[in-house]
Amino acid sequence: MKSVYLFDVDGTLTRPTERISKDFVYFFLEWAKGKDFFLVGGSPYDKLSSQLASSILNRAKGVFSSMGNQLHIDNNLIYSNNWKPPTSLLSELLKWHSKSPYPHKKKKYLESRIGMVNFSVAGRESNLNERQEYFQWDNLYRERETIALDLSKKFPKLDVRVGGMISLDIQPKGKNKSQAIDWVRNLNKYNKILYFGDKGFKGGNDYDAKLNIKKNKDGKFFSVKNCNDTKNLLSCME
């Protein structure tokens, strides 16, 4: 048995929403020789595929997308969790978008994904500069944390997690990235699970994966700030 590596994508292997850099691709493929790794993203599979080089996707043992609610192996769909958000949740999200004081809101604030919804006051169509602007504003006013706390109280059967630079990932309780950890663990092929993510803080969308590993005492969670941080950590690993 050997170790297995799991990687978040946005903010861990790439800059949020951007394509992975060529330099990082070359480094990662060289590092990954003889190692097993999975990808665990919050975005839909097609979005993750557009961000990552085909050489990395082909080398991965599997790609968990939409917070682990869908798994592809060798481009084949292994499972997919269907979920329809309740009308009461959609109404609350509309209220939060309407009353947010953020001055540069866009119209498209909701995106349905497999097994989850993604909510953003700033707007799903925001470009990188607009995302950075909201991210800086949110760091001051903690709007996403406030919304997450409120929704968690009103909808105790849902997980509401901060994701990326501008959004919240919302899904049924337990249908978060920890399910990717469970699936890999149940393969009974690995003695240690090593997970890399930039949202391991409480309420972040890698937090449940972090708790899962801690609870089962069979691996380690590596908290990173960006893809350069990830590269530096991997450079120190055999």
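Nothing here was measured: the structure is a model prediction, and the numbers come from that model.
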* Give the other cluster members for Met116, using side-chain heavy-atom distances under 4.5 Å between Ile, Leu, Val, Met, Phe, Trp and Tyr residues; answer none if it is isolated. =>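 So far as hydrophobic clustering goes, Met116 is joined with Met67.
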* Can you list the other members of the hydrophobic cluster that holds Tyr79, where links are side-chain heavy atoms under 4.5 angstrom apart? ->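 Via sub-4.5 Å side-chain contacts, Tyr79 links to Val4, Leu6, Phe38, Val40, Phe64, Leu71, Ile73, Ile78, Ile181, Trp183, Val184, Leu187, Tyr190, Ile193, Tyr195, Ile213, Phe221.
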* Asked: Looking only at heavy atoms, which two atoms of Glu125 and Glu130 are closest? And how far apart?
  ->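 Smallest heavy-atom distance, with atoms named: O-OE1, 4.3 Å.
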* Can you see which heavy atom on Trp96 is nearest to which on Val121, and at what distance? =>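 That closest heavy-atom pairing would be O-CG2, 4.5 Å.
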* To do: Mind checking the CD1-CZ spacing from Ile147 to Phe119? Nearest 0.5 Å is all I need.
  =>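 One gets 5.0 Å once the value is rounded to the nearest 0.5 Å.
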* Could you give the distance from NZ (Lys105) to NZ (Lys107), rounded to the nearest 0.5 Å? ->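 Answer rounded to 0.5 Å: 13.0 Å.
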I'd like to know if [X] and [Y] make a salt bridge, using a cut-off of under 4.0 Å between side-chain N and carboxylate O.
X      : Y      : result
Lys154 : Asp150 : yes
Asp8   : Lys177 : yes
Asp218 : Arg185 : yes

Out of [options], which one pairs with [X] under the side chain to side chain contact (heavy atoms under 4.5 Å, CB included) rule?
X      : options                     : value
Ile114 : Ser66, Ser65, Pro44         : Ser66
Phe7   : Leu194, Leu52, Ile56, Leu13 : Leu13
Asp138 : Glu145, Met165, Arg144      : Arg144

* Asked: Are Leu158 and Leu211 connected, step by step, through hydrophobic side chains (Ile, Leu, Val, Met, Phe, Trp, Tyr) whose heavy atoms are closer than 4.5 Å?
  ->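 Shared cluster, no.
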* Identified side chain to side chain donor-acceptor pair (under 3.5 Å) partner of Asn69 from the options Gln179, Gln171, Arg113, Lys175 ->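 So the option named by the test is Gln179.
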* Contact check, side chains of Phe196 and Leu234, non-hydrogen atoms, under 4.5 Å ->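 In contact.
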* Are Phe28 and Arg59 close enough that some pair of their side-chain heavy atoms sits under 4.5 Å apart? ->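 No, too far: nothing below the 4.5 Å cut-off.
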